[in-house]
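Throughout, a chain's letter reflects where its sequence line sits, starting with A, and its residues are numbered from 1. We use all heavy atoms of the structure for the numbers below, so side chains are in, but hydrogens, waters and symmetry mates are not. Keep in mind it's a predicted model, so treat the numbers as computed, not measured.
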There are 4 protein chains.
Amino acid sequence: MDTRAISPEPSPWLPFESRRRARDEKREAVLRTAVQLFLEQGYHRATLNGVAERLNITKPALYNYFRSKEDILFECWSIGQERVEDRISETDAMPGSGLLKLRNIVGTYAGIMASAFGASLVRFNVSDLSEPNRKVTLAGKRRIDRAFRGYIRQGIADGSIEPCDIKLTAFAILGALNWIGHWYKPDGDLTPDQIAEDFSVRLTAGLAKRPQKKKARKPA
Amino acid sequence: MDTRAISPEPSPWLPFESRRRARDEKREAVLRTAVQLFLEQGYHRATLNGVAERLNITKPALYNYFRSKEDILFECWSIGQERVEDRISETDAMPGSGLLKLRNIVGTYAGIMASAFGASLVRFNVSDLSEPNRKVTLAGKRRIDRAFRGYIRQGIADGSIEPCDIKLTAFAILGALNWIGHWYKPDGDLTPDQIAEDFSVRLTAGLAKRPQKKKARKPA
Amino acid sequence: MDTRAISPEPSPWLPFESRRRARDEKREAVLRTAVQLFLEQGYHRATLNGVAERLNITKPALYNYFRSKEDILFECWSIGQERVEDRISETDAMPGSGLLKLRNIVGTYAGIMASAFGASLVRFNVSDLSEPNRKVTLAGKRRIDRAFRGYIRQGIADGSIEPCDIKLTAFAILGALNWIGHWYKPDGDLTPDQIAEDFSVRLTAGLAKRPQKKKARKPA
Amino acid sequence: MDTRAISPEPSPWLPFESRRRARDEKREAVLRTAVQLFLEQGYHRATLNGVAERLNITKPALYNYFRSKEDILFECWSIGQERVEDRISETDAMPGSGLLKLRNIVGTYAGIMASAFGASLVRFNVSDLSEPNRKVTLAGKRRIDRAFRGYIRQGIADGSIEPCDIKLTAFAILGALNWIGHWYKPDGDLTPDQIAEDFSVRLTAGLAKRPQKKKARKPA
DNA sequence: TATGAATGAGGATTCATTCAT
DNA sequence: AATGAATGAATCCTCATTCAT
């Protein structure tokens, strides 16, 4: 996802203007601006000064909302992660076959990946986080992996998915999805919805169990 | 690709040893060590001191072989890129259907992605490169995209591949492949060859043109 | 004087409580808390936020009572200094020999040194004060020196003290006394009174003129 | 010890001059300059830039010799501490009565206190050190206390010192000595030797056991 | 070719202080 | 009288890079 061309986030600190929005709103604005800049320039090249400038405030003001630059980074990741986990929870709670659930999560995940916070999940470097945060991050990644594998496993069990190597299948699907975070451009000719719709079919089509009648066609 | 557990690169500057290897060999050793460290810690957290230490030399010595840290980064990327382009050239020269060529490139690309220099292609941040190098890099990425799309297009033309959205198909395949650079661990239970073999089938299976019985729609 | 174990100063801003005490009382509370913190952590490590927190108020509220952090520092010192000067005045006004006066001031000074404001006199760094305040401080220190020397001189004159090097004698006594400010712990096994009583004898014993019988040996 | 008037330390980095002295010599020069500045301005007000400037080098150059500002502070303290402990070791090894040993250590300690590194022991703030260093420092202080008390105890045991409160006696003596670190001025009219000689007598005179003629009560 | 030493540039962070509310 | 928010100034520290040897 190349965000360079994006129109700048509106700042709640618009100069010479009402500066009275709620604290949480400002916090969020910081995050939106920061994630943008981190994606554009990379975490290390992006400076807090840069973030502050885009917000029409000064660098130390950021410290009213975050304890450190890393804190901001981690929050960006967290937001993306939370969005994904919410969808996983929803999907878990869904009725239906494993294949159906997989299709569902693929579509929603694709949509998330086309957002800045979603891209955080794959564009930021885990080794830029402190040990405790890194642990949380890795645990989150594992949970996502596990969820995808779970749907596939369920699908195989319930007969909706052709038996296959679960691990590699999950890797292939997640790879295709995560890659969105690298190539998606908000100003491109594909909308997140289009991508979501397409991928939810494309990435699961090969997995569906084919009718056991006479002949079976090539699976994936 | 987590490279932390990898056995350290042997150093041509091993202390108390003959130090008279060819210049190019040393240059390569620097690159091998650097790419390793960059992957482990990220480009910015990795320091030239760290690279030098692993090589039993001192930081300024590196400047005998490279003009700057970025130069090293770019070279790492270049090696990966070259490997891919070599395979693309071979594939281009191959006889056979588009599907066959796609299968071929997928397999070899997967193998490359499971190497440190291959992972460079997707783990390093383009915005850490200077303008000229960035241009080269982006051009390289485009060539890879184009190659993949080309094989798909050829496959559709020659009837080996079911008609589909070329761009999204290529993105999905490349995503699955590039993701290898993030999850592959040299000490894991999958060898690069196994991955290559599996993916060359897995990622292309859904594309093959199905027998013309009546009508089929399933792409991907 | 380690003050870490001291029970926290009661705050006139106790939350959910009457907040209507007199201004001076609050001012004093700030000083008591500040001096405590300054002694615990050192003037520079202690922050106004820290002071405010212990008082259940916010940092800017402190500025209702003091113009600056240095102002607070200077006031702490001033209180200690005033206490000493009061005792000096009393002692000056006392009837009796130089030795007697010296004993008196040593005892009271020891008691003061075992208090937080007394310790301020020797634990804070003069160079943390602005020029005008520094001058006042140094003048104060000189007045104390002069007072001690005066008593010794008077004692020598009135025959209560054996002739000796006045300056070094004063330094030795003041050193022993000031050191109290560094080692005294409110929760230790020595009360300020015990220290005062002991030191008033200990530090002056060697000075007393010995009976002129035949020969006298050098005292201290 | 006010060092403001002191002639500046000669710098091994004299500009436009031979810059080829041994590493250790430079390290020492940094320490000499730093301790000077720390004493003049206080640890926090003194900046590494200030230290570097006096040495005709730049700030980062200091990091060739020390890991951090605190590291420098701790080294300064260590040098002073080592000097004292060396003298304590010598004194321990000395033959003679407890009183004699006490006199000896008082004299040498006084001399050390009149040096910059000696003054470090009492002018720097323990709470400016990191936890590990602070522990070392406090342990050092305790060893000094213990040594002084040991000599007094020995003196009482061997009859050279009149029985007395060992702890308070030691505090009084150490206080007088440590205070030197605050008032001594290299350009004053007292040399370290004079102070040492005077204090070695002055601070121990009152302790000597008086001839058992009839009965004596005099404490210290 | 290699190194020890030094530097310049830059960034995160802290904190006293101010100001509008 | 009190506060939340913001700021400006300052400092430590890191590191790629250079240079004399």
Is A/Arg45 paired with B/Glu70 through a side-chain N to carboxylate O contact shorter than 4.0 Å?
no
When the nearest nucleotide of DNA chain E is assigned to A/Thr47 and to C/Tyr63 on a heavy-atom basis, which residue is associated with the more 5' position?
A/Thr47
Side-chain N or O of B/Asn64 versus OP1/OP2 of E/dA2: is the shortest distance under 4.0 Å?
yes
Can you tell me how far P of F/dT14 sits from NZ of D/Lys69, to the nearest Å?
15 Å
Pairing of D/Glu75 and D/Arg27 as salt bridge, 4.0 angstrom limit:
yes
Under the rule of Watson-Crick or G-U wobble with both distances under 3.5 Å, where | means paired to another strand and [ ] a crossing pair, DNA chain F maps to .||||||||||||||||||||
Start with the C-alpha gap between C/Asn49 and C/Thr47, add the side-chain angles, then the distance that decides, and say whether side chain to side chain donor-acceptor pair (under 3.5 Å) holds.
CA-CA 5 Å; C/Asn49 252 332; C/Thr47 72; 5.3 Å; no
What's the closest nucleotide to the side chain of B/Pro60 if the choices are E/dA12, E/dA2, F/dC19?
F/dC19
Before accepting this row, confirm whether a basic side-chain N of the pair B/Arg23/B/Glu28 lies closer than 4.0 Å to the acidic partner's carboxylate O.
no
Specify the residue among C/Lys59 and D/Ala61 whose closest nucleotide of DNA chain E lies further upstream toward the 5′ end.
D/Ala61
B/Tyr65 side-chain N/O to E/dA2 phosphate OP1/OP2 under 4.0 Å:
yes
OP1 or OP2 of E/dT1 less than 4.0 angstrom from a side-chain nitrogen or oxygen of B/Arg23, does that happen here?
yes
Please round to the nearest 0.5 Å and tell me the distance separating atom OH of C/Tyr43 and atom CG of C/Leu129.
7.5 Å
